[in-house]
Amino acid sequence: MPWLAPRLAALIVAMSQVRVRFAPSPTGFFHIGSARTALFNWLYARHTGGTFILRIEDTDQARDSAEFLRLIYDSLSWLGLNWDEGPNPHGEGERGDYGPYRQSQRGAIYQRYLQQLQDAGRAYKKDGAIWFKQLGDRYTVFDEHRQKEVEKVKRGPVVINDLIRGRVERAEDEDFVIVRSDGHPVFHFVNVVDDIEMKVSHIIRGEDHLSNTSKHVCLYEGFGVTPPAFAHIPLILKSPEMGQGKMSKRDKGALVEEYQQRFFLPPALVNYLSLLGWNPGDDREKMTLDEIVRLFDLPGVNQSNAKFDGKKLAHMNMLYLLELPSEKFVASAKEYFAGQPTGATVLANETYFADVMMLAQPKIKSIDELAAYTGYFFTDEFLIDEKVRAKVMGKGEPKQRLVELIAALPTLDFSDDGAIEAGIKTLAESKSLGFGDYQAVARLAVSGTNAGPSITSIFRLLGKERTLSRLARFAQAS
RNA sequence: GCCCCUAUCGUCUAGCGGCUAGGACAGCGGCUUCUCAAGCCGUUAACCGGGGUUCGAUUCCCCGUGGGGGCACCA
């Protein structure tokens with residue numbers, strides 16, 4: 001029947017419409033693990049042309065806080081993980097047809113679903129709480145672990161068809177609480193109700209939820225609803241230096257906020273995170289976001305947990321820093337220094353600041369190294385690295401070289417790096433020496449260290465006068 | 001204790017019955033060089049153990065062991 005085709009096609013599109021959600025609770029700092037879960041959901045939505053929903057699970061009045069809620073919006077926005085439905089990022093209002101998107105405002109919906117369960121005889125009251133009722137013959141056993149009698153129900157195992165793990169069977173043979181005696185519905189209940197109501201098609205979450213999922217499947221069945229597809233992604237574990245177990249909010253480097261404050265580049269963090277538990281199937285590592293979106297798919301996600309490696313993240317950040325347009329680099333650097341104690345001084349001269357920053361860009365791994373790396377450009381009161389001093393002063397005749405350099409400096413052409421280099425080389429040649437014989441001691445005198453941009457650039461930016469006074473001061477002191 | 005997931009270099013991983021087990025980070029060595037980075041070249045380093053299945057197992061199955069998670073009127 002040809003006339004059916006368009007309707008059928010539309011139906012299939014509607015049925016295959018991917019809707020995923022990220023559902024954090026504002027009870028703590030936003031950490032790397034949450035960011036990765038959000039990212040995988042976001043990637044899957046973007047890959048499939050589906051919808052990414054942000055739902056706030058703020059039902060724990062004791063622990064919820066407005067700051068943590070703010071942090072969720074900020075962190076997701078900073079990472080670039082925009083959501084199609086959910087509260088607006090600035091906190092006022094929301095968008096989407098399936099709201100409210102904060103559980104604290106969905107009480108009426110939960111009541112309706114609870115009623116449905118009660119009407120169906122699948123919920124009952126006991127000890128002031130409301131329990132979900134499993135179907136089947138009952139018997140009691142003594143649970144050694146919990147040290148009490150528990151009532152069990154004879155029923156087959158719950159089957160979870162997981163897109164990443166395959167078929168998982170789990171016994172779920174006890175009734176469980178769905179509404180606490182204080183009247184608040186528990187996580188399992190509201191989570192399932194919301195996912196049904198919001199028409200979530202794929203639940204992508206951490207593997208730590210895998211054992212909850214059997215409860216959830218029971219609830220779907222209780223509501224007479226086919227469960228969505230599940231995809232339990234591996235967890236992020238501590239790196240060997242951090243210890244054992246899954247990464248927790250207390251671990252160093254575990255908070256998204258930390259990378260934000262350190263001015264890491266969001267695309268670098270996103271790229272790194274995408275590679276934790278997933279890969280494009282070949283050797284590609286540094287990928288554009290578009291590329292990741294195009295290549296990402298659930299069956300490609302690994303089944304085993306991954307350990308967090310700050311060094312590799314730092315390397316990724318460097319890669320992105322290297323290719324950042326210099327105006328953007330300077331802009332970020334400016335923002336960074338605005339929050340530094342030396343900020344006012346450093347930012348006083350915009351052109352000079354930009355020149356220094358552009359010198360530093362190809363040399364650093366992250367923007368927060370900038371203060372230490374460029375300190376001597378903005379103050380004469382920099383520290384001399386004693387180890388470097390010992391090394392430099394112990395080789396050849398640095399004092400003599402310094403004296404020669406000071407003598408030659410007034411007539412040295414400072415117009416550009418090439419001129420400075422040529423000048424020093426001429427001096428070196430006149431003494432039958434090399435550029436390197438002057439470089440090390442000059443660098444030490446002028447910057448206090450052995451790491452930095454080319455000495456000619458340092459001279460040029462410092463200017464002849466300041467260069468001379470630093471060289472002279474150092475010569476006098478040593 | 002019970003249940004579930006999982007297992008390739010130190011770390012992230014490729015491999016989907018036959019490979020000199022590949023790449024990346026880290027490490028090490030070298031080149032380059034004005035220092036330090038970067039870059040380039042090279043190098044160290046892995047299939048957890050035992051049984052099967054098979055002509056043949058890193059790959060499939062089982063059992064150990066290791067790692068992880070979960071067993072609440074938390075989410």
Side-chain angles (χ1 to χ4, degrees), chain A residues 23-28 57-60 62-64 103 126-131 143-147 157 160 162 164-166 168-172 174 176-188 190-191 206-214 232 234-237 239-241 244-246 272 275-286 302-316 318-319 321-322 360 362-365 369 373 388 391-392 421 424-425 428 434-444 447 449-458:
Chain A
S25 21
T27 55
E57 307 218 331
D58 53 347
T59 53
D60 190 342
R63 295 194 296 153
D64 289 338
Q103 288 186 331
K126 191 178 93 181
D127 304 332
I130 300 174
W131 298 64
D143 186 306
E144 293 289 344
H145 186 63
R146 285 178 283 182
Q147 287 293 304
I160 301 156
D162 194 282
I164 293 166
R165 280 149 218 292
V168 178
E169 282 191 11
R170 235 184 82 85
E172 195 59 65
E174 287 174 30
F176 55 89
V177 171
I178 49 176
V179 180
R180 294 194 284 266
S181 45
D182 65 4
H184 292 291
V186 306
F187 160 72
H188 305 297
V190 294
N191 196 265
E207 197 215 78
D208 48 346
H209 283 287
L210 188 52
S211 25
N212 288 327
T213 303
S214 50
H232 286 92
L235 267 21
I236 298 178
L237 270 31
S239 63
E241 312 86 68
Q244 298 261 295
K246 99 174 147 166
Y272 173 73
L275 255 18
L276 235 40
W278 173 82
N279 67 78
D282 54 31
D283 288 342
R284 267 178 289 185
E285 292 206 329
K286 185 168 178 298
N302 292 129
Q303 309 183 4
S304 54
N305 298 335
K307 293 193 175 91
F308 183 81
D309 184 359
K311 285 224 181 86
K312 192 150 185 172
L313 206 206
H315 178 259
M316 190 62 85
M318 182 199 73
L319 256 29
L321 228 36
L322 241 28
K363 303 285 216 165
I364 56 167
K365 273 195 155 70
E369 293 172 10
Y373 194 80
V388 174
K391 209 172 149 190
V392 170
E421 187 176 346
I424 297 177
K425 275 192 173 149
F435 186 94
D437 293 300
Y438 294 89
Q439 183 273 139
V441 68
R443 179 183 295 280
L444 179 67
S447 73
T449 178
N450 66 341
S454 71
I455 190 66
T456 52
S457 303
I458 299 178

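This structure is a prediction, so every number in the text was calculated from the model and none was measured. First the proteins, then the strands, lettered A, B, ... as listed; each starts at 1.
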Check your understanding: So what does A:Glu207 touch, heavy atoms closer than 4.0 Å: a base, only the sugar-phosphate, or nothing?
Key -> base

Point to revise | A:Leu237 or A:Pro453, whichever maps to the more 5' nucleotide of RNA chain B | key: A:Pro453

Review point. Base, sugar-phosphate, or nothing for A:His188, non-hydrogen atoms under 4.0 angstrom?
Key: base

Practice item. Give A:Arg165 one of three labels, base, sugar-phosphate or nothing, depending on what nucleic acid heavy atoms sit under 4.0 Å from its own. Key: sugar-phosphate

Practice item. Can you tell me the pairing partner of B:C71 across any strand shown, Watson-Crick or G-U wobble, with both distances under 3.5 angstrom? Key: B:G1

Exercise for review: Rounded to whole angstrom, note down the P distance from B:A37 over to B:C28.
Suggested key: 11 Å

Point to revise | Donor-acceptor pair under 3.5 Å, A:Thr27 side chain vs B:C74 base | key: no

Review point. Does B:G29 pair with anything, Watson-Crick or G-U wobble, both distances under 3.5 Å, and if so, with which nucleotide?
Key: B:C41

Study note, to complete from the structure: A:Leu210 has its side chain closest, among B:C4, B:G68, B:C36, to B:C4

Check your understanding: Mind checking the C1' distance from B:A14 to B:C36? Whole angstroms is fine.
Key -> 34 Å

Check your understanding: On a whole-Å scale, what distance lies between the P atoms belonging to B:C3 and B:C63?
Key -> 12 Å

Practice item. Determine the Euclidean distance between corresponding P atoms of B:A21 and B:G27; express it in Å to zero decimal places. Key: 27 Å

Check your understanding: So how far is it from A:Asn212 CG to A:Asn191 CG, rounded to the nearest 0.5 Å?
Key -> 8.5 Å

Point to revise | B:A75 OP1/OP2 closer than 4.0 Å to side-chain N/O of A:Thr59 | key: yes

Practice item. Name the nucleic acid region contacted by A:Gly434, choosing base, sugar-phosphate or nothing; use a 4.0 angstrom heavy-atom cut-off, strictly under. Key: nothing

Practice item. Classify the ring geometry between A:His209 and A:Phe187 as parallel (under 30°), tilted (30 to 60°) or perpendicular (over 60°). Key: tilted

Review point. If we take the C1' atom in both B:G50 and B:G68, what is their distance in whole Å?
Key: 23 Å

Can you check nucleotides 70-73 of chain B for protein contacts, nitrogen or oxygen pairs under 3.5 Å, and list what you find?
| residue | atom | partner | partner atom | Å |
| --- | --- | --- | --- | --- |
| B:G70 | O4' | A:Ser211 | OG | 3.3 |
| B:G70 | O2' | A:Ser211 | OG | 3.1 |
| B:C73 | O2 | A:Ser181 | N | 2.6 |
| B:C73 | O2 | A:Ser181 | OG | 2.6 |
| B:C73 | N3 | A:Ser181 | OG | 3.0 |
| B:C73 | N4 | A:Asp127 | O | 2.9 |

Practice item. Determine whether any donor atom in the side chain of A:Lys311 lies under 3.5 Å from an acceptor atom in the base of B:C25, or the reverse, and answer yes or no. Key: no

**Study point:** N or O in side chain of A:Gln303 less than 4.0 angstrom from B:A7 OP1/OP2
**Key:** no

Point to revise | Distance, C1' atom - from B:G23 to B:A45, rounded to whole angstrom | key: 14 Å

Check your understanding: Checking all strands, does A:Ser454 fall into the base, sugar-phosphate, or nothing category for heavy-atom contacts under 4.0 angstrom?
Key -> base

**Study point:** Pair A:Glu285 + A:Lys312: basic N to acidic O under 4.0 Å
**Key:** yes

Practice item. Between A:His184 and A:Gly452, just flag the one whose closest nucleotide in RNA chain B comes earlier from the 5' side. Key: A:Gly452

Pairs under 3.5 Å (N/O, protein and nucleotides 39-46 of chain B):
none

Any protein N or O atoms within reach of nucleotides 9-13 of chain B? Criterion: under 3.5 Å, listing atom names and distances.
| residue | atom | partner | partner atom | Å |
| --- | --- | --- | --- | --- |
| B:C12 | OP1 | A:Lys307 | N | 2.9 |
| B:C12 | O2' | A:Leu275 | O | 3.2 |
| B:U13 | OP1 | A:Gly277 | N | 2.8 |
| B:U13 | O3' | A:Asn279 | ND2 | 2.9 |

Check your understanding: Counting side-chain heavy atoms from C-beta on, which of B:C36, B:A26, B:A75 comes nearest to A:Arg63?
Key -> B:A75

